[in-house]
S.K.: 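Got a structure here, written out as structure tokens. Questions coming.
Each chain gets a letter, A, B and so on, in the order the sequences are listed, and its residues count up from 1.
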Amino acid sequence: MAPPRPAPRRWIAHLDMDAFYASVELLRYPDLRGQPVVIGGGRRHQPETDAEGRRHYALLGDYTGRGVITTATYAARDLGVHSGMGLMKAALRAPQAVLLPTDFERYRLYSRRFKAAVAEIAPVIEDRGIDEIYIDLTEVPGAQEAVGHDPHGGVRALAQEIKNNVRAATGLSCSVGLTPNKLLSKIASDLDKPDGLCLLTADDIAERIWPLPVRRINGIGPKAGAKLEGLGIGTIGELARAEPGGLIERFGRSYGAWLHQAAHGRDERTVVTHHEPVSLSRETTFERDLHARRDRETLGTVFTQLARQVAADLQRKGYVGRTIGIKLRFEDFRTVTRDQTITAPTADAQAIRQAAGLCLKRVDLSQRIRLLGVRVANLSRA
DNA sequence: TCTGGGGTCCTAGGACCC
DNA sequence: TCTGGGGTCCTAGGACCC
């Protein structure tokens, strides 16, 4: 009888594409390499090629209108602009930066390519959106082996191989965090950006994780971060030293206990390879805030359009939904939602439009409207 | 000149049922 | 003649993430 084998050491990687949208655009416009470039806004600033074949780009400084930066190249970040920043504000800081429109179709193409390149080496992948994934390397051959004096050389080599394969398939660089769990890997992938490979074990937590601000933990956002700051807790190490009882008192039983675990780098979540969608939605922010009465016609047209888009999305993906909802954002940025559950699940544009219309009647429309959205939830397979 | 679009999960109260 | 108590569904809002 063979002796029982020890459980393999768990290795989870988090892979994050470097400045993904911007990097995809640089493949298409290599003359922009090294320059400050931001991606964002509508479709009205497409580069143009003149008779001599020279390309002309829109400049951030010339932009007017709504919208935010979705991605900025590292050169642009050096000028103080970053994703999420309003374009008009960014234009003041970096007027000479090149502005390119977003081309989601192209990013999705490269997304599929890099994920396929990873899957050739390690098939257990969890999708976390267009530009990042978790990978379970535990069972990949070689992951548990030492190489020379490096006890984790095997898994390190696998991560490097994944990076190489992504670059070969896409021409793009990525950063990888490699640790025993998702929480730590997510933090680690950020530590050596761009083109990084950061391997950490539990022994590294005190030195590498604890000095970082609490906001680096995935799940601590602006609100919780500010609240912790108010308690004199700025770093993950300070959070780790905080009394769990006190955290539970202030943040609730579930979140408080999680904060304590997270600060100690403890996370048992598995890599989930398949997800059924919970809801599908479409929304749009208007160029100018619309008035419920004066802009009734425009509003109605957009509303119908959104319902059609959601219906098309549902049909394309093969789902029907029972809960139809709307979302409005007013000029003061206040957001309200209304929804309604119907008896027969649907993916029909008219049925969605009608139910959404009933939802809209339940909202006080005295303020001007900035955003309108339509959502279908409670999904099941058609 | 503020703040996109697409999601997930959690909480909390009320309805309703057994 | 005195309000128990669970469980589930629905709705609204909020925090957070990519």
S.K.: Would one find more than 12 heavy atoms of other residues, nucleotides or ligands at under 6.0 Å from atom CZ of A/R322?
M.R.: yes
S.K.: Does C/dC18 have OP1 or OP2 under 4.0 Å away from a side-chain N or O of A/N218?
M.R.: yes
S.K.: Return the value, rounded to whole Å, for the distance between atom CZ of A/R334 and atom C1' of C/dG13.
M.R.: 12 Å
S.K.: Assign the ring pair A/Y107 / A/F104 to parallel, tilted or perpendicular, where the plane angle (0 to 90°) is split at 30° and 60°.
M.R.: perpendicular
S.K.: Which dot-bracket string describes DNA chain B (Watson-Crick N1-N3 plus N6-O4 or O6-N4, or G-U N1-O2 and O6-N3, all under 3.5 Å; [ ] crossing; | other strand)?
M.R.: ....||||||||||||||
S.K.: If you compare all heavy atoms of A/L27 against all heavy atoms of A/G171, which two are closest, and at what distance to 0.1 Å?
M.R.: CD2-O, 4.0 Å
S.K.: Write down the distance between CZ (A/R269) and P (B/dT8), rounded to a whole number of angstrom.
M.R.: 16 Å
S.K.: When you check the phosphate oxygens OP1 and OP2 of C/dA12, does a side-chain N or O of A/R338 lie under 4.0 Å from one of them?
M.R.: yes
S.K.: Using the C1' atom as the point on both nucleotides, what is the distance between C/dG4 and B/dC17, in whole Å?
M.R.: 14 Å
S.K.: State whether the number of non-hydrogen atoms from other residues, nucleotides or ligands found under 6.0 Å of A/R269 atom CZ is greater than 12.
M.R.: yes
S.K.: Can you see if the side chain of A/K186 gets near the phosphate of C/dC18 - specifically, an N or O under 4.0 Å from OP1 or OP2?
M.R.: yes
S.K.: Give one of base, sugar-phosphate or nothing for A/V68, where a contact means two heavy atoms less than 4.0 Å apart.
M.R.: base
S.K.: To the nearest Å, how far apart are A/K115 NZ and C/dC18 C1'?
M.R.: 11 Å
S.K.: Can you see if the side chain of A/R322 gets near the phosphate of C/dC10 - specifically, an N or O under 4.0 Å from OP1 or OP2?
M.R.: yes
S.K.: If only side-chain N and O atoms of A/T337 are considered, is one of them under 4.0 Å from the OP1 or OP2 phosphate oxygen of C/dA12?
M.R.: no
S.K.: Is the phosphate of C/dC18 approached by A/S83 (side-chain N or O, under 4.0 Å from OP1 or OP2)?
M.R.: no
S.K.: With a 4.0 Å cut-off on heavy atoms, is A/A224 in touch with a base, just the backbone sugar-phosphate, or nothing at all?
M.R.: sugar-phosphate
S.K.: If I take atom CZ in residue A/R375 and atom C1' in nucleotide C/dT11, what distance separates them, rounded to the nearest angstrom?
M.R.: 11 Å
S.K.: So which nucleotide from B/dG7, C/dA12, B/dG5 ends up closest to the side chain of A/T284?
M.R.: B/dG5
S.K.: Can you measure A/K327 atom NZ to C/dA12 atom C1' for me and round it to whole angstrom units?
M.R.: 13 Å
S.K.: Give a yes/no on whether any side-chain N or O of A/T285 is located under 4.0 angstrom from OP1 or OP2 of B/dG5.
M.R.: yes
S.K.: Within the pair A/R329 and B/dG5, is there a side-chain N or O less than 4.0 Å away from OP1 or OP2?
M.R.: no
S.K.: Check whether the ring centres of A/Y110 and A/F20 lie less than 6.0 Å apart, and answer yes or no.
M.R.: no
S.K.: Report whether A/I162 and A/V140 are members of the same hydrophobic cluster (ILVMFWY, side-chain heavy atoms less than 4.5 Å apart, transitive linking).
M.R.: yes
S.K.: What is the distance, rounded to the nearest whole Å, between atom CG of A/L87 and atom P of B/dG5?
M.R.: 12 Å
S.K.: We want to know whether A/Q309 and A/D313 form a side-chain donor-acceptor pair, criterion being a heavy-atom distance below 3.5 angstrom.
M.R.: no
S.K.: Could you check how far CZ of A/R66 sits from C1' of B/dC2, rounded to whole Å?
M.R.: 10 Å
S.K.: Check whether any side-chain N or O of A/T335 sits under 4.0 Å from OP1 or OP2 of C/dG13, and answer yes or no.
M.R.: no
S.K.: Would you say A/T341 places a side-chain N or O within less than 4.0 Å of OP1 or OP2 belonging to C/dT11?
M.R.: yes
S.K.: Check the phosphate of B/dC2 against A/R370, side-chain N and O only, distance under 4.0 Å to OP1 or OP2. Yes or no?
M.R.: no
S.K.: Rounded to whole angstroms, how far apart are CD1 on A/I217 and C1' on C/dC16?
M.R.: 14 Å
S.K.: Do A/R66 and A/D289 meet the salt-bridge criterion of a basic N to acidic O distance under 4.0 Å?
M.R.: yes
